[in-house]
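The structure under discussion appears below in the form of structure tokens.
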Amino acid sequence: MLKTDSPVLDTRFFNRPTLKVARDLPGKYLCRRIKGKILSQPLVEVEAYDGFDDKASHAHRGSTPRNAVMFGPAGYWYVYLCYGMHWMLNIVTGPSEYPAAILLRGAGEFSGPGRLTKALQINNTFNGKQVTRSNGLWVEDRGVTVPAKEVKRMPRVGVDYAGPVWTKKPYRFVWNAHA
DNA sequence: TAAGTGATCTCT
DNA sequence: GAGATCACTTAA
């Protein structure tokens, strides 16, 4: 069988404006190695959290021990526990000192950020690790290009506390064909 | 619609 | 230290 070796997305992909990265993620494959077996699913839903001013972002009040990874370089995992039981999986984007990340909300059959991490057995051991194959959790470009019209932009979920402006920002990207 | 769940942040 | 808050899910 052909040895495809799909390109693994790295800093070149993630170190760009957060919204552009978020728009490009649907159709890319989230890959997870568990005990030698590789599980991969196409991303279908993501949300961008971009910069100091984004009141929905953990970073809008400045750096804390939890969100420190968001202030680091692009291409690292930011994982944290929410509501006491769900791990949220994010990829840091943009340059160092600029806090931004993209929450992965759905991939393949896994719908919902908490269910996604449960299915892929992701917890805070990934926090601060690089998005690389050697770390067992990475993203591949398998040549799937999602037409712009199939990517729907809508407001983010669960961020009503952010005030009317930031709550309504269309920072959520959903791949229609798979939603 | 509401409860479960526990780390984290913001006050004292 | 105490209290409030949460980038959610599930069961009714």
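Naming: A, B, ... by sequence-line order, numbering from 1 per chain.
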### Task
Return yes if some donor-acceptor pair links the side-chain N/O of A/Arg33 with the main-chain N/O of A/Arg133 below 3.5 Å, else return no.
yes

### Query
Do the side chain of A/Asn67 and the main chain of A/His58 share a donor and acceptor less than 3.5 angstrom apart?
yes

#### Entry: Along DNA chain B, first and last positions that approach a heavy atom of chain A under 4.0 Å
B/dG4 to B/dT10

### Message
Looking at A/Arg105 and A/Glu45, would you say the former's side chain and the latter's main chain have a donor-acceptor pair under 3.5 Å?
### Response
no

### Base-pairing assignment for C/dA7 (Watson-Crick or G-U wobble, both under 3.5 Å)
none

#### Entry: 4.5 Å side-chain heavy-atom contact, A/Val165 and A/Lys169
yes

### Query
Side chain of A/Asn90, backbone of A/Tyr78: donor and acceptor closer than 3.5 Å?
yes

### Task
Taking A/Arg156 for its side chain and A/Trp166 for its backbone only, find out whether a donor-acceptor pair lies under 3.5 Å.
yes

### Message
Each nucleotide in nucleotides 7-12 of chain C should get exactly one letter: B, S or -. Can you fill that in based on protein heavy atoms under 4.0 Å?
### Response
BBSS--

### Summary
A/Lys55 atom NZ is separated from C/dC6 atom P, nearest whole Å, by 14 Å

### Message
Please report the interatomic distance CG(A/Asn135) to OH(A/Tyr76), rounded to the nearest 0.5 Å.
### Response
9.0 Å

### Query
If we only count heavy atoms from C-beta on, is the A/Leu19 to A/Phe173 side-chain gap below 4.5 Å?
yes

